[in-house]
There are 2 protein chains.
Amino acid sequence: MRVSREQANANRERVVETAARLFRERGFDGIGLVDLMKEAGLTHGGFYRQFPSKEALLTEATGRAVSQTSDYLAGVPAADRAAVYLSREHRANPGSGCAIAALAGDVARADAKTQAAFAAGVERLLACVGGGEAATSGAARADAIQTLSALVGALVIARATATGAPGLSDEVLATVRKRLAGDAG
Amino acid sequence: MRVSREQANANRERVVETAARLFRERGFDGIGLVDLMKEAGLTHGGFYRQFPSKEALLTEATGRAVSQTSDYLAGVPAADRAAVYLSREHRANPGSGCAIAALAGDVARADAKTQAAFAAGVERLLACVGGGEAATSGAARADAIQTLSALVGALVIARATATGAPGLSDEVLATVRKRLAGDAG
DNA sequence: ATTATCTATAGATCTATAGATAATGC
DNA sequence: ATTATCTATAGATCTATAGATAATGC
């Protein structure tokens with residue numbers, strides 16, 4: 001039943017990756033440790049050798065999810081970012097999508113460490129959206145904050161209305177996409 | 001143990017009001033029916049005579065919360081709305097604050113009926129933010145969608161960083177507040 | 001007689017722990 | 001000998017239901 005140290009590290013990685021996806025899809029309380037470990041291909045008994053608590057896994061999973069988000073978005077051409085971010089495909093796939101939009105609700109109720117990991121992701125996205133020159137304060141950073149807020153708000157509203165009011169959901173995506181294509185998007 | 005029909009209706013109202021507050025504060029999975037009913041001054045045994053399920057209470061509580069939100073915001077002078085919405089006080093009090101920002105995550109995973117109640121709230125806020133002329137499509141409605149998205153996104157990000165990165169949280173509130181004060185805010 | 005609310009509980013979760021097992025790594 | 005993972009379970013929840021109770025409303 002024991003595996004090599006290398007394999008154990010790989011298993012731990014897979015748990016974090018799985019959590020980064022499932023917490024975004026179902027929320028922190030929407031997935032239990034038994035099912036989460038099962039999705040990672042393990043049983044739940046080994047969990048507490050690798051993590052002190054489910055809350056600690058949220059901290060790591062948040063860090064992982066925000067890294068995935070900024071890495072992915074950095075690879076999208078600046079001119080396409082708003083269209084990709086506000087697409088129906090992104091709306092339908094929170095598990096592989098923006099960590100800020102998908103985790104904000106749970107992170108607002110999490111501890112300071114998790115919020116700090118989340119904030120680091122916000123900073124990286126600001127640098128990305130602002131074209132690299134938004135790290136310091138000033139007008140470029142203010143533009144980036146305004147743009148990121150509109151992106152996150154539009155996606156969050158679109159997801160909460162996707163099934164019950166698909167026309168409004170599509171309209172919100174399309175409208176903000178169009179507005180952001182004009183300037184800093 | 002039985003009360004008058006009038007009192008029973010008042011009790012039911014209080015359960016919906018309590019849920020509208022607690023779901024915003026703790027999330028749908030963050031409050032159990034036993035504690036929720038206790039906060040409403042009742043025991044949990046009577047719950048299922050008034051509501052078919054906890055999910056059905058979410059539908060009603062969402063409708064109640066969005067009504068409170070649009071009613072409150074309609075009473076705030078248009079010039080002050082962005083400052084009130086993006087205040088530290090609003091950030092600290094989700095239970096009595098904007099239903100869109102506080103419930104979006106849970107509603108994205110809820111049924112179509114709950115999403116429809118949420119969408120009705122979005123429409124009412126668009127009319128409010130747009131100054132009443134945003135109900136029909138056109139530039140005024142697009143402005144309102146852009147403004148509401150920025151408001152919701154900024155508040156959601158500010159809440160998720162309030163404890164772990166208070167400087168960033170304050171900065172997001174202040175920046176978007178300043179930007180929206182200029183135009184449609 | 002009806003019914004709103006109560007007490008009590010069933011049955012299914014959930015997080016976390018205990019102890020066994022078996023392969024790694026000294 | 002150490003340890004990563006397993007099986008099994010403790011103890012605390014959670015949603016939902018059953019049946020008793022007592023006041024309302026016919």
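- Of the residues near DNA chain D, A/R5 and B/F47, the one whose nearest nucleotide (by heavy atom distance) lies more toward the 5' end is A/R5.
- Taken from CG in B/L126 to CD1 in A/I157, the straight-line distance is 7.5 Å, to the nearest 0.5 Å.
- Of the residues in residues 8-34 of chain B, those lying under 4.0 Å from DNA chain C by heavy-atom distance are B/A8, B/N11.
- To the nearest 0.5 angstrom, A/L168 atom CG is 5.0 Å from A/T161 atom OG1.
- Taking CD of A/Q115 as the start and OG1 of A/T59 as the end, the distance is 10.5 Å to the nearest 0.5 Å.
- Taking the side chain to side chain donor-acceptor pair (under 3.5 Å) definition, one finds that B/S70 meets it with nothing, sequence neighbours left out.
- Legend: salt bridge (charged side-chain N to carboxylate O under 4.0 Å, His left out) pairs involving residues 45-62 of chain A, not counting sequence neighbours, sorted by first then second residue: A/R12-A/E60.
- With sequence neighbours excluded, no residue forms a side chain to side chain donor-acceptor pair (under 3.5 Å) with B/S4.
- In 5' to 3' order, the nucleotides of DNA chain D bounding all contacts with chain A (an atom under 4.0 Å from a heavy atom) are D/dT2 to D/dT9.
- Residue pairs that meet the salt bridge (charged side-chain N to carboxylate O under 4.0 Å, His left out) test with at least one member in residues 100-119 of chain B, sequence neighbours left out, do not exist here.
- In this structure, the side chains of B/F23 and B/L57 come closer than 4.5 Å at one or more pairs of heavy atoms.
- Within the 4.0 angstrom heavy-atom criterion, only backbone atoms of the sugar-phosphate kind lie near B/S4; the bases stay farther away.
- In secondary-structure terms, DNA chain C builds stems of at least 3 consecutive Watson-Crick or G-U pairs, each pair having both distances under 3.5 Å, at C:1-24 with D:1-24.
- Scanning for side chain to side chain donor-acceptor pair (under 3.5 Å) contacts around A/R5 gives an empty result, with sequence neighbours left out.
- Toward the 5′ end of DNA chain C lies the nearest nucleotide of B/R2, the other residue of the pair B/G46 and B/R2 mapping further downstream.
- Distance check: A/L73 CG to A/T69 OG1 gives 8.0 Å after rounding to the nearest 0.5 Å.
- Residues from residues 54-62 of chain A with heavy atoms under 4.0 angstrom of DNA chain C, sorted by number: A/K54.
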Could you pull out all donor-acceptor pairs under 3.5 Å where a side-chain atom in residues 85-99 of chain A meets a protein atom, sequence neighbours excluded?
residue : atom : partner : partner atom : Å
A/S87   : OG   : A/V84   : O            : 2.8
A/S87   : OG   : A/H90   : N            : 3.1
A/R88   : NE   : A/D170  : OD1          : 3.2
A/R88   : NE   : A/D170  : OD2          : 3.4
A/R88   : NH2  : A/D170  : OD2          : 3.0
A/H90   : ND1  : A/Y85   : O            : 2.8
A/H90   : NE2  : A/C98   : N            : 2.9
A/R91   : NH1  : A/S169  : OG           : 2.7
A/R91   : NH1  : A/D170  : OD1          : 2.8
A/R91   : NH2  : A/D170  : OD1          : 3.3
A/N93   : ND2  : A/E89   : O            : 2.7

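- Evaluation of the side chain to side chain donor-acceptor pair (under 3.5 Å) rule for B/Q7 yields B/N11 as partners, not counting sequence neighbours.
- Residue pairs satisfying the salt bridge (charged side-chain N to carboxylate O under 4.0 Å, His left out) criterion with at least one member in residues 64-77 of chain A, sequence neighbours excluded, are listed as follows: A/E13-A/R64, A/E17-A/R64.
- Of the residues near DNA chain D, B/H44 and B/E6, the one whose nearest nucleotide (by heavy atom distance) lies more toward the 5' end is B/H44.
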